[in-house]
Amino acid sequence: MPHRQRSGSGRLPTAAQGRTSRPGRCPRTLRAAASLDLTPGRPDHQPNPPPTRDQGVRTHEGSRQSSRGQGCRVRRRCARAEGSHEAAGTIVEVGAGVENLRVGDRVALESHLPCGHCFACRTGDAHTCERTQILGMHFDGVFAERVAVPHRICVPLPDGVPLETGALLESAGVAVHAIQRAGYSVAGRGVLVSGAGPVGMVVARLASLMGAAYVMVIEPNPFRRAEAERLGVITMEPGDGVTQRSRELSGHRGGADVAFECSEAASALPTLFDAVRREGTVVTVGHPGRPVPIDVAAQINKRGITPRGIFGRRLWETWEQTLLLLNSGRLDLDWLITHRLQLSQVDEAMELLTGDACKVLLVPGLG
Ligand SMILES: NC(=O)c1ccc[n+]([C@@H]2O[C@H](COP(=O)([O-])OP(=O)(O)OC[C@H]3O[C@@H](n4cnc5c(N)ncnc54)[C@H](O)[C@@H]3O)[C@@H](O)[C@H]2O)c1
Ligand SMILES: [Zn+2]
């Protein structure tokens with residue numbers, strides 16, 4: 001079936017080669033917006049009227065966004081199915097109050113819209129803003145042919161970065177943030193990654209690129225384990241053997257130096273605390289659906305393990321870092337794409353994500 005064909009070369013680089021358009025409330029402070037169009041080049045396409053102050057912005061499908069204020073319009077080229085908040089596109093209209101973007105600019109979208117005024121926002125930690133609004137959750141997401149978004153979440157793409165790659169950047173940025181949160185300390189280190197979803201895969205890839213002594217990926221899904229193996233990393237299933245294998249790999253060090261939890265499985269976290277060495281680091285990315293008990297006395301006090309967590313991307317340090325890596329040619333993300341579907345195939349895309357898939361792109365106008 002055509003939609004199940006792999007992307008481009010379909011080859012992974014080796015280590016050596018270096019929902020919805022829920023009409024949610026928009027923030028009262030929103031000053032400008034962009035709308036995304038998913039059908040570039042369609043003959044019957046007519047741009048929607050530009051958003052004006054105190055006027056709602058219509059998507060191409062006719063659903064409304066409750067955004068206020070000035071706005072701009074973006075033609076979206078592709079979006080990932082899962083989450084409804086990962087997209088890239090081309091701007092087709094810009095509102096009167098938007099000075100940093102022009103029609104024709106190609107942009108990726110940051111999914112978090114921090115308030116910009118609180119202590120965290122004013123001191124460089126906007127990723128922790130407690131008034132953050134999230135694309136697809138607090139305001140309309142990207143499963144539409146055209147959506148309006150605040151201009152502040154548009155990230156211009158360098159010329160060499162295709163729109164499809166742009167649609168991967170929000171998620172890849174989570175992985176880059178995890179590496180940043182570990183102090184970039186993966187070179188020469190033993191690295192564990194729990195979960196070979198798109199985030200864990202990019203963490204593993206980055207750790208390899210940055211010179212990790214070894215990377216072991218823990219993943220129950222055989223398809224995703226096989227994908228991880230193509231990165232040249234060690235893989236294994238979750239379970240009792242993880243700690244033992246980690247100790248075998250690290251010898252007298254007593255465990256891996258750093259572990260990244262990218263699965264959200266509650267059972268994964270205690271295992272990672274066991275599998276890192278004394279004074280090791282555990283970075284949590286996945287959000288377990290319930291509190292996870294950790295033996296503070298044994299793991300944090302006596303073994304000296306440092307737990308760290310991340311939320312989204314550092315604004316805008318993570319984007320700058322990710323774009324630098326992409327632009328330099330060191331980091332390639334396109335191998336994450338296993339399927340391309342039409343926008344109308346959202347349900348099918350969701351099904352795929354529970355099986356043999358990694359990144360599923362919804363590409364408007366796909367033949
Ligand atoms: N902290 C943040 O800001 C942030 C941002 C984005 C995503 N996330 C979370 O990060 C996680 C990774 O994102 P993703 O898009 O790669 O998700 P994903 O669901 O595609 O990947 C998770 C992977 O973990 C695997 N898994 C399940 N149980 C496991 C176990 N016990 N041990 C190891 N692996 C196991 C799954 O098979 C899957 O391949 C998700 O939980 C997501 O919600 C967090
Ligand atoms: Zn804030």
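Every number for a ligand or one of its atoms is a count from 1 in the order of the listing. None of these values were measured; they are calculated from a predicted model.
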query: Which ligand 1 atoms does P220 reach within 4.0 Å, using its non-hydrogen atoms?
result: 25 (C), 26 (N), 27 (C), 28 (N), 29 (C), 33 (C), 34 (N), 35 (C), 37 (O)
- request: Compute the shortest N/O to N/O distance between G312 and ligand 1 and return yes if it is under 3.5 Å, no if not.
  value: yes
message: Taking the ring of H85 and the ring of H112, is the distance between their centroids below 6.0 Å?
response: no
- request: Consider only side-chain N and O atoms of Q321 and E317, and report whether a donor and an acceptor are under 3.5 Å apart.
  value: no
field: Minimum-distance pair of heavy atoms, taken over all atoms of V242 and I218
entry: CG1-CD1, 3.7 Å
- prompt: Between G197, A357, C262, which one has a non-hydrogen atom sitting closest to atom 12 (C) of ligand 1?
  reply: C262
query: Does the N or O separation between R224 and ligand 1 drop below 3.5 Å for any pair?
result: yes
message: Between T322 and R313, do the side chains contain a donor N or O and an acceptor N or O under 3.5 Å apart?
response: no
message: Any heavy atom of S171 closer to ligand 1 than 4.0 angstrom?
response: no
statement: Per-atom filter on ligand 1: closer than 4.0 angstrom to a heavy atom of F311 are 3 (O)
message: On a heavy-atom basis, I'd like to know which of V217, L336, L269, V285 is closest to atom 8 (N) of ligand 1.
response: V285
statement: Closest to atom 41 (O) of ligand 1 (heavy atoms only, candidates R225, M201, H112, E264) is E264
- prompt: Do any of the N, O or S atoms of C129 sit under 2.8 Å from the Zn ion (ligand 2)?
  reply: yes
- request: Please indicate whether any nitrogen or oxygen in V199 is less than 3.5 Å from any nitrogen or oxygen in ligand 1.
  value: yes
task: Would you name the heavy atoms of H339 and L341 that are closest together and state the gap between them?
output: CB-CD1, 3.7 Å
field: Metal site angle (apex the Zn ion (ligand 2)), SG from C121 and SG from C118, 10 degrees
entry: 110°
- request: Check ligand 1 against G286 and write out every atom of the ligand that is under 4.0 Å from a heavy-atom position of the residue.
  value: 9 (C), 10 (O), 11 (C), 41 (O)
query: When you measure from atom 36 (C) of ligand 1 to each heavy atom in E86, H127, E219, which option holds the nearest one?
result: E219
message: Pairing donors with acceptors under 3.5 angstrom, does anything connect the side chains of E261 and T284?
response: no
Polar proximity ligand 1 side, A265 side, N/O cut 3.5 Å exclusive: no
task: Look only at interatomic distance and state if P198 has a nitrogen or oxygen under 3.5 Å from any nitrogen or oxygen of ligand 1.
output: yes
message: Using a 4.0 Å cut-off to any heavy atom of S194, which atoms of ligand 1 qualify?
response: 32 (N), 33 (C)
message: Could you check whether S185 and D257, counting side-chain N and O atoms only, form a donor-acceptor pair closer than 3.5 Å?
response: no
- request: Would you tell me whether S171 and E86 have side-chain atoms, one donor and one acceptor, within less than 3.5 Å of each other?
  value: no
field: Lys/Arg-Asp/Glu bridge criterion (N-O < 4.0 Å) met for D125, R314
entry: yes
- prompt: Are E227 and R230 within salt-bridge range, i.e. N to O under 4.0 Å?
  reply: yes
